[in-house]
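Here the structure comes first, spelled out in structure tokens, and everything after it is commentary.
Letters A, B, ... are given to chains in the order of the sequence lines, protein chains preceding strands, and every chain is numbered from 1.
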Amino acid sequence: MTHSDPAYITTPIYYVNDRPHIGHAYTTTLCDVWARAMRFMGRDVFFLTGTDEHGVKVEKSAEARGISPQALADENAAEFRKVMEMFDLTNDDFIRTTEPRHERQVQALVKRLLDTGDVYLGEFEGWYDEGQEEYVTETKAKESDFKSPISGKPLVRANERNYYFKLSAYQERLESLFEANPGFVKPEARRNEVLGRLRGGLQDVPITRTNFSWGIPFPGDEEHVIYVWIDALLNYATALELADGASDRHRHWPAAYHVIGKEILWFHAVIWPAVLMALELPQPACVYAHSFWISEGQKMSKSLGNFIDLPTIERYVDVYGLDAWRWYMVNNGPLGATDADFQATGFHETYTTDLVNTVGNCASRTTAMLGKYFDGIVPADTGFDFPGWDLAGDAGTAVAKWRAAMADFALDDACDAGIGLLRTVDAFINATEPFKVAKDEGRRDELASILARCVEAVRIASVLLWPVIPGRMETLWPALGCDLDPGRGDLEAVAAWGDTLKGATTRKIALFPRVDPATTPAADVAS
RNA sequence: GCCGAUGUAGCUCAGUCCGGUUAGAGCGAGGGAUUCAUAAACCCUAGGUCGGAGGUUCGAGUCCUCCCAUCGGCACCA
């Protein structure tokens, strides 16, 4: 409707050599929640995700399987696309680094860096593991006593000519950037980490390799391929066709949020801004680095077999529903600076406490009473006064809190705002006891006021909860007798308190079925 | 090794910056009362060496020192 204020949000592009797992689903889900919220608020959202498909690992994996790297990439990129469908993610584009649109622009942008002198040909020297065909860092070389950790053979001193990015030239400008924008890296603990390392000084970084060929050729020197990280980072720009002349997509630049996992913070918080400075492009507003999921108290690893992979996730979705999965991701996930533990029992508890006992129950008792006492027709609010209670004010406060939380990417706080309003409704019902008031024909005005306000508060809460649990909220709306469409981008108006539902026909609804613990993935874990 | 965090009730955490009556919340668990609701919401119940030791102070989860444990970062790693 008011589509004006652009909002660009990105996930990292996922490396196709990995299998999709909870980490990928998590990052993408966070972005989806935010994207939905912003669209509902009328912002002009562009939500990007995709796959990173180059690099020596992909080349080797493909070789091992006797297929081409592109075939391997195609196969695994399809797996990642499946994630998008499974979770009903609303990304506006899915970029792959092997697509011509990306390769063409990366070459153009790298050429630009070469022209400005930010990229130069230099010599790299370091410890080389001949068996593994890769360089190891000075630190790692020392750790392994200058021997290959695989073969045990001594590492050799080797060098190769590479193109370097002049990162060292951007030290001061990066420091200024961080100073001028305290929210550039979130959460704050991550920002401090980056600042600490930044103080240690910056060295130029190689951006090409010659020891493998599965990558984008360096413009004008095709023996070199562009190393994966710069290839990958530039996806944020190439998806918006920034190096491709005029395009409608340019309006979305720069990103409001680059949402990433903490392992790739350095690239996004330091190298990426420096590259953008070199390209004279505006900086993103925020790099948000979340932490990791661990599983039942243990780090996820292949040897433990505790990876929460797609089949595992599918079992949760089958039992609890997609909205429950999203709710758990957002509310119990590692949004902050510490890792979060995925626990089957915790999942069940969160589902029962928040969704069944609060969201579901509040909607249920409200619609049930409307059905029983008003034949399902929402009465007019007669303006009865309940000292100490102000649901309209509470709703306004909840909406304000929600907006602030969303702006801050505090998605869990946004959920709190929504569910908190429902808790207030519950408390209001307990205090005013409409089920007792209903027994007295002389108190119809009071009863009408209570229920009219309850259902209005439920409606507003449902709007706030929609980005996280869209499926169930879209089921609730018809039961409240309203027809909301987040696509209209008019959250402001929709979330305003009023007599919107007066005269609407409601019906009793049970949103989240109680789940028998014996039939859940938790039961499997216990056995 | 270096830098930085964290360690409080069964679980997840708040409180520690600006030290002061009987250390808090949510969830779980136990009990009670009730029925509008999906045996839901509501009320009561947790007596936990606030990681350990020492110190400063009239008084310390709250400040200082040391120790222990766990975790994160340490640049080419997606």
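- Look at B/G61: its glycosidic torsion is within 90° of 0, and that puts it in the syn range.
- Rounded to the nearest Å, the gap between the C1' atom of B/A29 and that of B/C71 is 30 Å.
- Residue A/Glu433 is classed as having no contact, given no heavy-atom separation below 4.0 Å to the nucleic acid.
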Produce a footprint string for nucleotides 1-13 of chain B: one letter per nucleotide, 5' end first; B if the base is under 4.0 Å from any protein heavy atom, S if only the sugar-phosphate is, - if neither. -------------

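- Using a 4.0 Å cutoff on non-hydrogen atoms, the parts of residues 227-237 of chain A near RNA chain B are A/Tyr227, A/Val228, A/Trp229, A/Ala232, A/Leu233, ordered by number.
- Remark: the separation of the P atoms in B/A25 and B/U45 is 9 Å, to the nearest Å.
- With sequence neighbours excluded, no residue forms a side-chain hydrogen bond (donor to acceptor under 3.5 Å, both in side chains) with A/Trp229.
- Remark: RNA chain B forms stems of 3 or more consecutive Watson-Crick or G-U wobble pairs, all pair distances under 3.5 Å, at B:1-7 with B:68-74, B:10-13 with B:24-27, B:29-32 with B:42-45, B:51-55 with B:63-67.
- With B/C76, B/C27, B/C77 as the choices, the nucleotide that has an atom nearest any side-chain atom of A/Trp266 turns out to be B/C77.
- Applying the salt bridge (charged side-chain N to carboxylate O under 4.0 Å, His left out) test to A/Glu59 and every residue at least two apart in sequence or in another chain returns nothing.
- Note on residues 366-378 of chain A: no pairs pass salt bridge (Lys or Arg N to Asp or Glu O under 4.0 Å), not counting sequence neighbours.
- Residues satisfying the side-chain hydrogen bond (donor to acceptor under 3.5 Å, both in side chains) test with A/Asp413, not counting sequence neighbours, are none.
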5' to 3', nucleotides 36-45 of chain B under a 4.0 Å protein heavy-atom cut-off (B base, S sugar-phosphate only, - none) gives BBB-SSS---

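- Listed by chain and number, the residues in a salt bridge (charged side-chain N to carboxylate O under 4.0 Å, His left out) with A/Arg173 amount to none (sequence neighbours excluded).
- Among the protein residues, A/Asn332 comes within range of no part of the nucleic acid, since none of its heavy atoms lies under 4.0 Å from any strand.
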Expected list for residues 426-436 of chain A: side-chain donor-acceptor pairs under 3.5 angstrom, two or more places apart:
residue, atom, partner, partner atom, Å
A/Asp426, OD1, A/Arg365, NH1, 2.7
A/Asn430, OD1, A/Arg365, NH2, 3.2
A/Asn430, ND2, A/Asp426, O, 3.1
A/Thr432, OG1, A/Phe428, O, 2.7
A/Glu433, OE2, A/Lys436, NZ, 3.1

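- As judged by a 4.0 angstrom heavy-atom cut-off over every strand, A/Asn162 is placed among residues making no nucleic acid contact.
- The salt bridge (charged side-chain N to carboxylate O under 4.0 Å, His left out) search around A/Asp118 returns none, not counting sequence neighbours.
- For B/G10 and B/G48, the P atoms lie 9 Å apart once the distance is rounded to whole Å.
- For A/Glu99, the salt bridge (charged side-chain N to carboxylate O under 4.0 Å, His left out) criterion is met by A/Arg101, not counting sequence neighbours.
- For the C1' atom pair drawn from B/U65 and B/U57, the interatomic distance equals 16 Å after rounding to whole Å.
- When heavy atoms are screened at a 4.0 angstrom cut-off, A/His24 is found touching no nucleic acid atom at all.
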